[in-house]
Amino acid sequence: MTPQEQPAGKATNFGLPRTIHLVPMDYISGFEVRPGFYEINGATAIPGGVNFTVYSHGATSIELLLFHRAKEEPFAILPFPKHYRIGNVYSMIVFKLNIEDFEYAYRVDGPYEPEKGLIFNKNKYLLDPYARAVSGQSQWGDSSPRGQHYKARVVKDDFDWGSIAPPLLPTEDLIIYELHVRGFTKHGSSGVLHPGTFDGLLEKLPHLLELGVNVVELMPIFEFDEMQDYREVDGEKLYNYWGYNTVSFFSPNTSYSSYREHNREGNELKHLIQVFNQHGIEVYLDVVFNHTAEGNEHGPFFSFKGFDNNIYYLLTPEGYYYNFSGCGNSLNCNHPIVRQMILDCLRYWVNTYRVNGFRFDLASILGRNEDGSPMNKPPLLQALAFDPILGDVKLIAEAWDADGLYQVGTFPSWNRWAEWNGRYRDDMRRYLKGDEGMAQAAALRLVGSHDIYEIDTRGNASVNFITCHDGFTLYDLYSYNEKHNEKNGWNNTDGSNDNHSWNCGVEGDTDDPEILALRKRMIRNAFAILMCSRGIPMFLAGDEFCNTQFGNNNSYCQDNITSWLDWRLLEKNRDIFQFFKYMINFRKTHRLLRTNVSNGVNGFPDVSFHGVKPWCEHFAGYDRYIGVMFTGQEKSSGPQFIYIASNAYWEEVEVTLPELPISMCWNVVVDTWEEYQKPYALYSDKITLGPRSLMVVLGE
């Protein structure tokens, strides 16, 4: 039996089994071909050949182009015969193709009516929207096609996952650590063998385990072109470093691999996820479905524009691009075709890469209708919430977009979607630096933002954060009053002006020991309150050892020490690292901080607010002290009382603690006035907090 005659599998005809033999039916451009599998999108290796399936609603014809590796012109052009089309789907099996010997693209012909959004161009080489790997991108900063055209490779999925099951961590237990794969280990101080790669990140697993985080959230790892908008400013090469400009949704960024994975692209990432999961760490991807790297009418033309521009993008009545993303275009996410592609994509990353969760960049765009208006019940968001394959996957929305649609607390959720809580960030930043009138808001954020999220319908919806990739690092938050983005080349006009930061008295670097001590205390305050807040805590990689971006709050283009972690700071700021470890462990060992365990205990409510005197329903505008007490009792333990005492005032305060049940006493377990934590028992109901400091007191 020849390879092309091997049985592909069984099918049934009125209940009777029959064998399908893959035998050639036609001969095109020197290749034996036959109609393919119309429901398998993309290019798939099968016994004896490769199945190519692609679709377009408006095309009149499609050609498959085959290239020798790294060549710019095709060695074969195979038009899809008319009888190889069913509906709007074109499918063809090409026999005797070795996946290691070729790359591929398409050419699509159709009407050109820009005012209707139809811009078909039969001369453009188009990247398969379902490509599993993009060629020519594996060397960072080199050999980029710069939007001229991309080609795809066929991937052989033979990775052995073994019997390891995903951690399936309860949402209340998550501690998210956001990082950039390249920047995490690119600096020489990282000491890894494979800097700037998935393997380099894997080499830092001991650090993550010691720190205690249980989720890593990777900034974009879908294939993107770092050379898009490449430029030089004052002799510094500036790239599209962050990667929020997707080229291919189904392809991993091959420049993040430590070795060339020809036709097995993604194996290094799969190994990373496998090992992290084995150690109880979930891996989430920051995904960008709000726009693509094709930009507006002046941007490149390499994929979606050529297949169905008027379907994939939100267009104005005149045929121009709506720009709700701030990046030139916006995906038409609730069109049935685009909705299906996004669902297929996420399923692929879960099935093939075992990804544990997704954070959706500018997710409010995913809820816009085809005319750009917000929808009450967006079909895409509902489909993702109820999809069976995604049933165990965490879904996290950045619940706003660049056009002013702000949905924190109102993002359509079906009790499945969590949200980046931007109000937590802003309110906590303002409170911690001592702004007037912020005590009430800070107390509400600390107890789970119940004024924003209904407990019954939005359980664990709040992702609490004070820092993330977008903005200041935690060290810079207390070292700079103003952003310093001059090196980005836009005269410091880019990046947010609304940072709620405080330099503690000196802008930037200083040798003043009092200011340095105050900055570290402010860092301890911020992280302690984050770890004691109900909701899902998230922080930025490097915050645990005072990593700095030198005041740059928009380092999207800085592929250098501005964005790279400087691991020398880990030893220099070992005290901060030890404090982060201590607080993470404290959160893990006290479930009462994470959730309501019993609706209170001994007549005490689950949550209560307190001023310098016990029991306070509301805080006044002048208050800069807040006390929050959690109480409860789990089946295997006695009553628990946790009191968080936070003084954002610049003078010390004396606080009277609530009276405990008989036989219990208060114990101080956290005091940010001190560099290192040494728990001790109290013999009264009073504590004195130093200026700008925080205590956590346990009733035992």
Side-chain angles (χ1 to χ4, degrees), residues 166-180 213-222 242-244 246 249 273 276 281-290 325 333 342-343 345-347 349-350 353-367 378 380-387 389-401 405-425 445 448-449 452-453 457-471 530 533-541 594:
L168 297 180
L169 299 174
T171 306
E172 68 182 53
D173 294 344
L174 304 179
I175 301 173
I176 301 176
Y177 185 80
E178 188 197 31
L179 63 87
H180 187 281
V213 296
N214 54 24
V215 176
V216 293
E217 183 174 296
L218 307 182
M219 289 173 64
I221 59 87
F222 289 179
W242 278 354
Y244 290 93
T246 307
F249 293 111
I273 296 172
F276 273 38
I281 297 178
E282 295 188 338
V283 178
Y284 300 172
L285 302 185
D286 188 345
V287 293
V288 187
F289 289 109
N290 56 76
S325 67
C333 296
I342 294 173
L343 183 57
C345 178
L346 296 174
R347 284 180 159 193
W349 286 97
V350 172
Y353 287 83
R354 308 295 174 89
V355 169
N356 308 114
F358 299 97
R359 177 264 185 187
F360 294 78
D361 182 63
L362 298 182
S364 289
I365 291 177
L366 278 64
L380 173 61
L381 301 181
Q382 186 177 29
L384 299 184
F386 290 100
D387 184 74
I389 294 293
L390 306 181
D392 289 328
V393 169
K394 278 78 171 183
L395 304 174
I396 301 172
E398 184 183 34
W400 54 83
D401 66 22
L405 180 56
Y406 192 80
Q407 295 179 300
V408 171
T410 62
F411 191 82
S413 73
W414 295 273
N415 207 22
R416 274 282 282 129
W417 287 84
E419 300 172 12
W420 270 26
N421 190 345
R423 288 182 59 183
Y424 182 98
R425 174 199 58 205
R445 302 298 148 257
S449 295
I452 300 176
Y453 303 104
T457 59
R458 299 298 305 274
N460 288 304
S462 178
V463 175
N464 301 327
F465 67 104
I466 296 173
T467 59
C468 65
H469 71 274
D470 194 2
L530 178 66
S533 296
R534 288 191 177 169
I536 303 168
M538 182 192 77
F539 63 100
L540 180 64
R594 310 193 301 272

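For this chain, numbers begin at 1 and follow the sequence in order.
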Next item on the list: Sequence neighbours left out, what passes salt bridge (charged side-chain N to carboxylate O under 4.0 Å, His left out) with Arg458? Give chain and number order.
Entry: Glu419
Note to self: Pairing donors with acceptors under 3.5 angstrom, does anything connect the side chains of Asn464 and Ser462?
What the structure shows: yes
Notebook entry, point to check: Can any side-chain N or O of Trp242 pair as donor or acceptor with the backbone N or O of His469 at less than 3.5 Å?
Noted result: no
Next item on the list: Supply the atom-to-atom distance Phe360 CZ to Ile396 CD1, rounded to the nearest 0.5 angstrom.
Entry: 9.5 Å
Check: What distance separates His180 NE2 from Asp286 CG, expressed to the nearest 0.5 Å?
Finding: 10.0 Å
Next item on the list: Could you tell me whether the side chain of Phe222 reaches within less than 4.5 Å of the side chain of Val288, counting heavy atoms only?
Entry: no
Item checked: From Arg534 atom CZ to Arg594 atom CZ, the distance as rounded to the nearest 0.5 Å -> 10.5 Å
Margin query: Between Trp349 and Phe249 (side chain of the first, backbone of the second, donor and acceptor by atom type, cut-off under 3.5 Å), is there such a pair?
Written below: yes
Next item on the list: State, to 0.1 Å, how close Cys333 and Phe289 come at their nearest heavy-atom pair, and which atoms those are.
Entry: SG-O, 3.4 Å
Notebook entry, point to check: Run the side-chain contact (heavy atoms from CB on, under 4.5 Å) check on Phe276 and Val216 step by step: do they pass?
Noted result: CA-CA 9 Å; Phe276 273 38; Val216 293; 3.7 Å; yes
Item checked: Glu172 side chain near Leu174 side chain, heavy-atom distance below 4.5 Å -> no
Notebook entry, point to check: Which pair of non-hydrogen atoms, one from Trp417 and one from Ala461, has the smallest distance, and what is that distance?
Noted result: O-CB, 4.2 Å
Next item on the list: Work out which heavy atom in Val355 is nearest to a heavy atom in Ile273; give both atom names and the distance.
Entry: CG2-CD1, 4.1 Å
Next item on the list: Classify the angle between the aromatic ring planes of Trp414 and Phe386 as parallel (below 30°), tilted (30 to 60°) or perpendicular (above 60°).
Entry: perpendicular
Check: Taking C-beta and beyond as the side chain, do Thr246 and Pro220 meet within less than 4.5 Å on heavy atoms?
Finding: no
Next item on the list: Go through the steps to decide whether Phe539 and Ile466 satisfy the test side-chain contact (heavy atoms from CB on, under 4.5 Å), and finish with yes or no.
Entry: CA-CA 7 Å; Phe539 63 100; Ile466 296 173; over 6 Å; no
Next item on the list: Might you work through the side chain to side chain donor-acceptor pair (under 3.5 Å) test for Asn421 and Ser449, ending with a clear yes or no?
Entry: CA-CA 9 Å; Asn421 190 345; Ser449 295; 3.1 Å; yes
Checklist line | Heavy-atom side-chain proximity of Arg423 to Ile452 below 4.5 angstrom | finding: yes
Check: Closest approach of Leu395 and Leu384, non-hydrogen atoms and distance?
Finding: CD1-O, 3.7 Å
Next item on the list: Might you point out which heavy atoms bring Ala363 and Ala397 nearest each other, and give the distance in Å?
Entry: CB-CB, 3.6 Å
Notebook entry, point to check: Ignoring hydrogens and geometry, is there a side-chain-to-backbone donor-acceptor pair from Glu398 to Leu362 under 3.5 Å?
Noted result: yes
Next item on the list: Identify, with sequence neighbours excluded, every residue that meets ring-ring contact (aromatic ring centres under 6.0 Å, His included) alongside Tyr453.
Entry: none
Check: Taking the side chain as C-beta and beyond, is there a heavy-atom pair between Pro167 and Asn356 under 4.5 Å?
Finding: yes
Check: Under 3.5 Å, is there a donor-acceptor pair between the side chain of Asn214 and the main chain of Ile175?
Finding: yes
Item checked: ring-ring contact (aromatic ring centres under 6.0 Å, His included) partners of Phe358, counting only residues at least two apart -> none
Check: Roughly how far, to the nearest 0.5 Å, is CG of Leu540 from CE of Met219?
Finding: 8.5 Å
Margin query: Between Tyr177 and Val215, is there a side-chain heavy-atom distance shorter than 4.5 Å?
Written below: no
Notebook entry, point to check: Between Glu282 and Leu169, is there a donor-acceptor pair closer than 3.5 Å when you use the side chain of the first and the backbone of the second?
Noted result: yes
Next item on the list: Determine yes or no for a side-chain-to-main-chain donor-acceptor pair under 3.5 angstrom, with Arg416 supplying the side chain and Val393 the backbone.
Entry: yes
Note to self: Quick check: closest heavy atoms across Cys468 and Met538, and the distance to 0.1 Å?
What the structure shows: CB-CE, 3.8 Å
Check: Strictly by modelled atom types, are Tyr424 and Ser533 linked by a side-chain donor-acceptor pair under 3.5 Å?
Finding: yes
Note to self: Does Ile176 form a side-chain contact (heavy atoms from CB on, under 4.5 Å) with Val213? I'd like the steps, not just the answer.
What the structure shows: CA-CA 6 Å; Ile176 301 176; Val213 296; over 6 Å; no
Next item on the list: State the OG-CG distance between Ser364 and Asp401, to the nearest 0.5 angstrom.
Entry: 5.5 Å
Checklist line | Donor-acceptor under 3.5 Å (Asn290 side chain, Asp361 main chain) | finding: yes
Notebook entry, point to check: Tyr284 and Arg359: side-chain contact (heavy atoms from CB on, under 4.5 Å), yes or no, with the steps?
Noted result: CA-CA 7 Å; Tyr284 300 172; Arg359 177 264 185 187; 5.7 Å; no
Next item on the list: State the CG-CG distance between Leu380 and Leu343, to the nearest 0.5 angstrom.
Entry: 8.0 Å
